[in-house]
Amino acid sequence: MKVSNSTAGRLLALTVAAAMLASCVAHGQQPSTAGLPPELRELPYWKVFRNHSSHSAAFFNELTSGRAFVFEHPEFPGVVNGELYLNDGTMLHCLFGGKSRYFVLSYDLSFETHSTGTARTLRYEGRTNRSLVFYDPRAGTLHEEYLTGHEDPHKRQWKRFLSGWVQDSWPRAMADACPRIRLPDGMEINEKQTSRNIDELRRQDTDAPIRNFPGSHMTAPGRTGWLRSGGGPTTTAEEVEAFLAAQEGNIVRWSGFGYVWMRSWDREELWRVQRDSYGEKFLDIVRSEDGSRITIKFASRDMVYPVGYPFPFLPTGHRHPAFQLTDEFLAHSYPRALPFMGEAYSDKRFVFHPEGKFSVVDEAGNLVEGPHFDGTWRWTRGFLEMTVRDDPAGFQLIHWRSLAHQLGMKPTVWTPSTPDRY
């Protein structure tokens, strides 16, 4: 039986509407907002305990482009569907429509960056559907979650959407179901995969799912999907602290901007990296007394992170230029002249040490006086702060750009279009 594209389109609209707009069935338990400040208790749970996709939009583009996504749809559990992600941004869908019938549909596909990470975005005949996407590198699985619509925002629920895996070949079952689909150059039909049952198809070629795709380690704690945890915490405080320690001085990404999480002995700061017409901004970080919340003080609002839930910042693999400078000082710890330290130290040299310490030496390299560590250094709000112990003249600040200029150093500057470094 042949079905026209318009009929298939109406079928798809009904199928997607049923999946994307349902709001009566709750999945998992909503976390309690008891104990939170009043302004948080008044918000819907999904605005307090944010769900965040697992990887960046660039990662998902690399993972899927020119490949096949094999999955089951929640409206037809266990039944195989297939999508081809073409390099031009087109997606061809071999869609099961019930009663053993499959239809071919074409969408415009993109992976977009939002405040909760990467949304797989499909556009078809004026409709737009978005869902958060999650990749498990060990299993090679990929699944999507979406937030249902409801006139009462407190009754919106996270639901699971498509679930399957990405592979390099096109299953024989899909080739037979949708013979009109022409495969892109270089893609082969997987003759092992003949079943239209998702579990059996997986068993027919257990090596087909793409596991540990390059860059898959570039994620943050807890970004495994809301439904996998049943609405509970997805990580631990220890994992979050280990991530922050590993990323200190690195650029992390959130909602299209780059940031640097900076911790020193008496404060935590978040630096927003300059982008086009947006200047640098420096935001204070405040932790609750019990350690359950981390608050970032934006100018117009506070961003509150409940520790243990998906961490909102993704790594980029790049160092901020300021930390590139002090990395160089530590890697090559010979005595350096620092003109910005002023006339009182014009004939002195400085040797940088880990843990924010430095020593002052004369031009011959001998310690000037006192113990080996004569001062402290740290970065704060884009400035290098130098403090020589017990000397008011030994306190100086210099912005990293000025420091690089004075010393003739050229650190690499990150922009939002810079590819992540694996």
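Start at 1 with the first residue, then count along the sequence.
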Within [range] or reaching into it, pairs that qualify as salt bridge (Lys or Arg N to Asp or Glu O under 4.0 Å) - sequence neighbours excluded:
range: residues 201-215; answer: Asp199-Arg202
range: residues 310-336; answer: Arg319-Asp327
range: residues 241-250; answer: Glu241-Arg263, Glu241-Arg287

For [X] and [Y], indicate whether the former's side chain and the latter's backbone hold a donor-acceptor pair under 3.5 Å.
X: Arg50; Y: Pro306; value: no
X: His55; Y: Ser216; value: yes
X: Ser53; Y: Thr118; value: yes
X: Glu269; Y: Thr380; value: no
X: Asn81; Y: Phe96; value: yes
X: Gln193; Y: Arg172; value: no
X: Thr148; Y: Gln157; value: yes
X: His150; Y: Asp152; value: yes
X: Arg41; Y: Leu36; value: yes

State, with a plain yes or no, whether a side-chain heavy atom of Trp271 is found less than 4.5 Å away from one of Trp379.
yes
[X] and [Y]: which non-hydrogen atoms are nearest, and at how many Å?
X: Ala175; Y: Ile189; result: CB-CD1, 3.8 Å
X: Ser195; Y: Leu201; result: O-CD1, 3.2 Å
X: Pro209; Y: Ala139; result: CB-O, 4.2 Å
X: Val351; Y: Tyr334; result: CG2-C, 4.2 Å
X: Ser292; Y: Asp290; result: OG-OD1, 2.8 Å
X: Phe134; Y: Thr224; result: CD2-C, 3.7 Å

Who are the side-chain contact (heavy atoms from CB on, under 4.5 Å) partners of [X], not counting sequence neighbours?
X: Asp88; value: Leu86, Thr90
X: Asn61; value: Phe111
X: Thr121; value: Ser110, Glu112, Ala119, Arg123, Thr128, Arg130
X: Arg253; value: Thr316, Trp414, Asp420

Listed by chain and number, what are the ring-ring contact (aromatic ring centres under 6.0 Å, His included) partners of Tyr309, not counting sequence neighbours?
Phe49
Could I get the full list of ring-ring contact (aromatic ring centres under 6.0 Å, His included) partners for Phe329, not counting sequence neighbours?
Phe352
Can you say whether the rings of Trp254 and Phe313 are parallel (under 30°), tilted (30 to 60°) or perpendicular (over 60°)?
tilted
Can you classify the ring geometry of Phe311 versus Trp261 as parallel (below 30°), tilted (30 to 60°) or perpendicular (above 60°)?
tilted
Hey, are Ser359 and His353 close enough side-chain-wise for a donor-acceptor pair under 3.5 Å?
yes
salt_bridge(Arg228, Asp136) N-O dist < 4.0 Å:
yes
Look at Arg120 together with Glu83 and state whether they make a salt bridge at an N to O cut-off of under 4.0 Å.
yes
Which pairs count as disulfide (SG to SG under 2.5 Å) when at least one residue sits in residues 384-422, sequence neighbours excluded?
none
Only counting residues at least two apart or in another chain, list the ones meeting salt bridge (Lys or Arg N to Asp or Glu O under 4.0 Å) with Asp266.
Arg378
For Asp391, enumerate each residue passing the salt bridge (Lys or Arg N to Asp or Glu O under 4.0 Å) test, keeping only those at least two apart in sequence or located in another chain.
none
Are [Y] and [X] an aromatic pair, judged by ring center distance below 6.0 Å?
X: Trp400; Y: His320; answer: yes
X: His143; Y: Tyr135; answer: no
X: Phe69; Y: His93; answer: no

Side chain to side chain donor-acceptor pair (under 3.5 Å) with Glu280: of Arg272, Arg381, His399, only one passes, and it is His399
